[in-house]
Amino acid sequence: MTVAQRRGRRIMMTPDELDTFLSQQRTCRVATVSADGRPHVSALWFAWDGTSLWLYSLTRSRRWAELRSRPQVAVVIDDGVEYGELRGVELSGTVEFVGEAPRTGEPCPELEAPERLFAAKNFGLDAMPHDGRHAWMRLTPEAVASWDFRKI
């Protein structure tokens with residue numbers, strides 16, 4: 001169940017605005033926590049399917065290792081330069097690992113749609129190129145907070 005945003009209702013995105021924004025943006029910032037409690041933030045490309053954020057991560061990364069041991073995550077996607085243009089969203093919850101790791105292209109029906117979205121958005125391709133170094137995580141957000149300063 002998604003926790004609704006309480007503060008900033010005037011500038012929060014509507015569900016349609018949020019869906020459009022997440023479908024158009026390419027880069028997110030993923031916040032994880034190490035075993036000793038230190039935060040770690042890294043940039044990552046993603047795909048949005050209207051319900052979940054699909055993260056395609058190197059499996060030999062600090063981010064992957066931290067999420068394997070502690071799958072709770074916060075992700076921020078933002079845009080804008082001038083104050084009145086700023087907009088974004090924070091999604092948080094628990095990631096699920098989907099498919100083989102690392103991904104080499106073994107059939108996985110659950111990944112067909114996100115891989116098609118990701119390949120088209122980030123590579124301009126109809127099919128996902130697999131490099132044997134990345135794998136998929138799905139974040140179905142438990143909490144969402146958004147802002148769009150253009151509404152001020």
Side-chain angles (χ1 to χ4, degrees), residues 1-34 38-59 61-101 103 108-130 134-152:
M1 176 179 211
T2 302
V3 175
Q5 181 172 337
R6 293 197 171 107
R7 288 180 281 150
R9 292 181 198 273
R10 195 176 87 215
I11 63 169
M12 69 187 276
M13 293 183 197
T14 66
D16 286 342
E17 290 169 339
L18 185 63
D19 193 52
T20 298
F21 178 75
L22 291 172
S23 295
Q24 293 173 345
Q25 296 300 310
R26 178 178 286 180
T27 306
C28 65
R29 286 153 198 82
V30 179
T32 59
V33 179
S34 64
R38 286 180 297 131
H40 175 242
V41 179
S42 57
L44 193 61
W45 280 357
F46 70 92
W48 173 252
D49 68 5
T51 303
S52 298
L53 196 72
W54 291 86
L55 304 166
Y56 194 57
S57 175
L58 285 166
T59 59
S61 66
R62 178 176 169 186
R63 169 185 50 246
W64 184 268
E66 288 174 350
L67 287 169
R68 272 294 193 195
S69 64
R70 190 182 221 169
Q72 293 76 29
V73 67
V75 177
V76 171
I77 301 103
D78 60 345
D79 189 36
V81 175
E82 301 297 325
Y83 182 81
E85 301 171 341
L86 299 177
R87 60 192 178 134
V89 62
E90 178 188 11
L91 309 169
S92 59
T94 302
V95 296
E96 300 171 78
F97 297 87
V98 180
E100 61 188 317
R103 182 94 171 107
C108 182
E110 197 172 7
L111 290 174
E112 288 175 11
E115 285 188 341
R116 194 170 39 256
L117 288 168
F118 190 91
K121 181 165 98 172
N122 295 308
F123 303 124
L125 300 173
D126 294 331
M128 186 74 187
H130 299 105
H134 290 79
W136 288 102
M137 294 176 282
R138 175 181 50 222
L139 172 61
T140 303
E142 297 161 15
V144 177
S146 66
W147 59 94
D148 187 344
F149 285 14
R150 299 173 306 171
K151 295 181 176 188
I152 295 175

**Asked** So, Q25 and W48: side-chain donor and acceptor under 3.5 Å apart, yes or no?
**Response**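 No, because no side-chain N or O of Q25 sits under 3.5 Å from a partner of the opposite role on W48.
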**Request:** Could you please spell out the steps behind the side chain to side chain contact (heavy atoms under 4.5 Å, CB included) verdict for T59 and R103?
**Result:** CA-CA 9 Å; T59 59; R103 182 94 171 107; over 6 Å; no
**Request:** Starting from the C-alpha separation in whole Å, work towards a yes-or-no answer on side chain to side chain donor-acceptor pair (under 3.5 Å) for S42 and R63.
**Result:** CA-CA 7 Å; S42 57; R63 169 185 50 246; 2.6 Å; yes
Within a strict 4.5 Å, meaning less than it, do heavy atoms of the [X] and [Y] side chains meet?
X: F149; Y: E82; answer: no
X: F97; Y: L67; answer: yes
X: P141; Y: L53; answer: no

What heavy-atom pair brings [X] and [Y] nearest, and what distance separates the two atoms?
X: E90; Y: A74; result: OE2-CB, 3.8 Å
X: R62; Y: P39; result: NH2-O, 4.1 Å
X: A47; Y: P114; result: CB-O, 4.1 Å
X: M137; Y: S57; result: CE-CB, 3.5 Å
X: G99; Y: C108; result: CA-SG, 4.1 Å
X: R68; Y: A101; result: NH2-CB, 4.3 Å

Got a second to check how far [X]'s [atom1] is from [Y]'s [atom2], nearest 0.5 Å?
X: W64; Y: L55; atom1: CH2; atom2: CG; value: 9.5 Å
X: N122; Y: M128; atom1: CG; atom2: CE; value: 8.0 Å
X: E115; Y: W54; atom1: CD; atom2: CH2; value: 9.0 Å
X: Q72; Y: T32; atom1: CD; atom2: OG1; value: 11.0 Å
X: D19; Y: T51; atom1: CG; atom2: OG1; value: 8.5 Å
X: S61; Y: H134; atom1: OG; atom2: NE2; value: 8.5 Å

**Request:** Report the C-alpha distance between F21 and D79 in whole Å, list the side-chain angles of each, state the deciding distance to 0.1 Å, and finish with yes or no for side chain to side chain contact (heavy atoms under 4.5 Å, CB included).
**Result:** CA-CA 9 Å; F21 178 75; D79 189 36; 3.8 Å; yes
**Message:** Determine whether I77 and L91 satisfy the following criterion, side chain to side chain contact (heavy atoms under 4.5 Å, CB included), listing intermediate values before the conclusion.
**Reply:** CA-CA 9 Å; I77 301 103; L91 309 169; 4.2 Å; yes
**Prompt:** Would E110 and W136 count as a side chain to side chain contact (heavy atoms under 4.5 Å, CB included) if you check the C-alpha gap in whole Å, the side-chain angles of each, and the deciding distance to 0.1 Å?
**Reply:** CA-CA 11 Å; E110 197 172 7; W136 288 102; over 6 Å; no
**D78 and its salt bridge (charged side-chain N to carboxylate O under 4.0 Å, His left out) partner, picked from R29, R87, R26** =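 Only one option passes, and that is R29.
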**Request:** Could you walk me through whether E17 and K151 pass salt bridge (Lys or Arg N to Asp or Glu O under 4.0 Å), step by step?
**Result:** CA-CA 12 Å; E17 290 169 339; K151 295 181 176 188; 2.7 Å; yes
**Asked** Just by distance, do the side chain of S146 and the backbone of M13 share a donor-acceptor pair under 3.5 Å?
**Response**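 Confirmed, S146 side chain pairs with M13 backbone.
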